Structure formats: C-alpha cells, structure tokens
A.B. asks: 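Sharing a structure with you now.
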Amino acid sequence: MKKTIAITVAATAVLISSGCSRAQYETEPVVLQSAQGPVTCQLYTKERVLWDQAISHPESMTREAADQICQAEGQRMKDAG
C-alpha cells in the first residue's frame, strides 16, 4: 500500500514539474442552453471528457451541476464520433 502511494506521489510530481497543462487540449468554448439558462463549457479532446468543465453558469445553478452538463456534452460529442 505504501509503495503504491509513493509511486502515485512520484508520478504526480513528474507531471507537475514537466509543465503538463490542460491548455494544449482545449477546444473552443461552447454555450449550452439549460432549463436555468446558458452554461459556457470548456471542452477538451474527446479522450479527456472528465476534464470538461463549466467556465460560466447561471447563479441559480451549482458549479457541480454545470460541470455535469459540460461533461455530458463532451460524452455526447465523443459518442457521436
């Protein structure tokens, strides 16, 4: 167990120090209409759906709900091919 944690920490440190940035995977932001109003999503490549996130959303909506909308759109686009 301790060895697994040590390896995970080491791998994370390598990624951070190597300058790994999500910016290189970003696509143009998209605006999606929800029942509560527009949600602007920052989507990434089709292989990075879990990174998809809201960059703006209605005040009546939680950040988590907005992120779920964006991830669903990323998944939809991935499934569409």
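Below, each value reflects all heavy atoms present in this structure, side chains not excepted, and no hydrogens, waters or symmetry copies. As the structure is a prediction and not an experimental result, all values here were calculated from the model. Index from 1, following the sequence.
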A.B. asks: Which heavy atom of Pro58 sits nearest a heavy atom of Pro38, and at what distance?
C.D. replies: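 Looks like CD-O, 3.2 Å.
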
A.B. asks: Charged N to carboxylate O below 4.0 Å: is that the case for Arg48 and Asp52?
C.D. replies: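 Salt bridge: no.
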
A.B. asks: Backbone N or O of Ala54 within a donor-acceptor pair of the Arg63 side chain at under 3.5 Å?
C.D. replies: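 Yes, the answer is positive, given that a donor and an acceptor are paired below the 3.5 Å cut-off.
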
A.B. asks: How many angstroms lie between CD in Gln71 and NZ in Lys78, if you round to the nearest 0.5 Å?
C.D. replies: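 Between atom CD of Gln71 and atom NZ of Lys78 there are 12.0 Å.
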
A.B. asks: To the closest 0.5 Å, what do you measure between OG1 (Thr27) and CG (Leu43)?
C.D. replies: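 Reported to 0.5 Å precision, the distance equals 4.5 Å.
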
A.B. asks: State whether a side-chain donor-acceptor pair under 3.5 Å links Gln75 with Asp79.
C.D. replies: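 There is such a pair between these side chains.
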
A.B. asks: So which atom in Gln36 and which in Ser60 form the shortest heavy-atom distance, rounded to 0.1 Å?
C.D. replies: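 It is NE2-O, 3.1 Å.
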
A.B. asks: Could you tell me whether a side-chain N or O of Asp67 sits under 3.5 Å from a main-chain N or O of Gln53, the two making a donor and an acceptor?
C.D. replies: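 No.
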
A.B. asks: State the CD-CE distance between Glu73 and Met77, to the nearest 0.5 angstrom.
C.D. replies: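 Nearest 0.5 Å value for the CD-CE distance: 6.0 Å.
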
A.B. asks: May I ask you to test the Cys70-Gln42 pair for a side-chain heavy-atom distance under 4.5 Å?
C.D. replies: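 A side-chain contact under 4.5 Å is absent here.
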
A.B. asks: Passes side-chain contact (heavy atoms from CB on, under 4.5 Å), Thr40 versus His57? Steps please.
C.D. replies: CA-CA 6 Å; Thr40 304; His57 57 84; over 6 Å; no

A.B. asks: Step by step, would you call Cys41 with Ile55 a side-chain contact (heavy atoms from CB on, under 4.5 Å)?
C.D. replies: CA-CA 6 Å; Cys41 299; Ile55 54 178; over 6 Å; no

A.B. asks: Between Ser56 and Val39, is any pair of side-chain heavy atoms under 4.5 Å apart?
C.D. replies: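 No. Closest side-chain heavy atoms not under 4.5 Å.
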
A.B. asks: Is the backbone N or O of Gly81 less than 3.5 Å from a side-chain atom of Lys46, with the two atoms forming a donor-acceptor pair by type?
C.D. replies: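 Confirmed, Lys46 side chain pairs with Gly81 backbone.
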
A.B. asks: Just by modelled atom types, is the Tyr44 backbone N or O under 3.5 Å from a matching donor or acceptor in the Glu26 side chain?
C.D. replies: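 Absent.
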
